[in-house]
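Order of listing sets the numbers, starting from 1, for every ligand and every atom in it. What you see below is based on every heavy atom in this structure, not just the backbone, and it leaves out hydrogens, waters and symmetry mates.
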Amino acid sequence: MRAMSALPPLTPEQIARYREEGFLPLGPVLGDAELAALRAEEERFRLSVAYGGPANQTLFVNVQLCHRSEPVRRFCTQGRHVPAVVQLLGPDVCLTHQQFVTKLPDRAEQRSDIPFHQDDGYGRLDPPHDLTLWVALVDVDETNGCLWVVPRSHARGLLEHGRAAVNPLLREAAAGADAIALPMRAGEGVAFTGLTLHRSGPNHSASPRPGLFVRYCHPHVKMASEGNRPVLEDPHSWMIAGRA
Ligand SMILES: O=C(O)CCC(=O)C(=O)O
């Protein structure tokens, strides 16, 4: 049984690695009880929403859940990763987006593939002063759709995104060949910048692959994809450290 304990503060080397590589594995960010609660919440939301997609849809995304889920709210605002987020992004930090992303088994197909993109290629923040935490809610590897990242890609700035070939609802940016897979154990998290190219492959296992995506930003950024609205005017934005 894994209990919750504070993450040790990030070392200067870890912080430098995040700045250079554009991502940083944080190790376990969930205890067993929290992991079970978040897995139950993921299933509750996925099963309660009438998705309008095709009958054979395998990619499910449920967004902005803090006001509907105490376990999600507690994790996003007080999780053991929060001090690390403050070290990497702070001292002033705002929560701006959360979502469960689940890939049901794709059999031999690619339907739940999420092509390479930057998070700023979807919801652009200006300036791009943001960080995503992605948490595995089951063990993930290349078979069931783990994350892939392109180290140092954040240094290329915001890239052009087009409609994804595999799914017209998704966007895609050209990536190059130097991506690395990030296999993770259930409950582990990885932090990456909003400009870090990443993707996740299809789920070729026999079980669902749920993940939790949480995006933080500086409280003064503007939501460039939404008419330059200040992020704190969005009802889903919450201060979690420092001040606005
Ligand atoms: O959960 C995943 O597989 C990846 C999600 C992702 O990359 C995103 O939502 O930007």
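Ring pair His198/Phe116: centre-to-centre distance not below 6.0 Å.
Closer than 4.0 angstrom to ligand 1 lie heavy atoms from Gln99, Val101, Lys103, Ile114, His117, Asp119, Trp134, Leu147, His198, Ser200, Arg209, Phe213.
Scored by the ring-ring contact (aromatic ring centres under 6.0 Å, His included) test, His218 finds His129, His220 as partners (sequence neighbours excluded). In this view, Asp178 satisfies the side chain to side chain donor-acceptor pair (under 3.5 Å) rule with no residue, not counting sequence neighbours.
Cluster note: Val140 groups with Phe23, Trp134, Val138, Leu147, Val149, Ile180, Leu182, Met184, Val190, Phe192, Phe213 through ILVMFWY side-chain heavy atoms spaced under 4.5 Å, whether in direct contact or through intervening members.
Within a 6.0 Å sphere centred on CZ of Arg68, other residues, nucleotides and ligands contribute more than 12 heavy atoms.
We find that Glu20 and Arg152 are not joined by a salt bridge, their nearest charged nitrogen and carboxylate oxygen being 4.0 Å or further apart.
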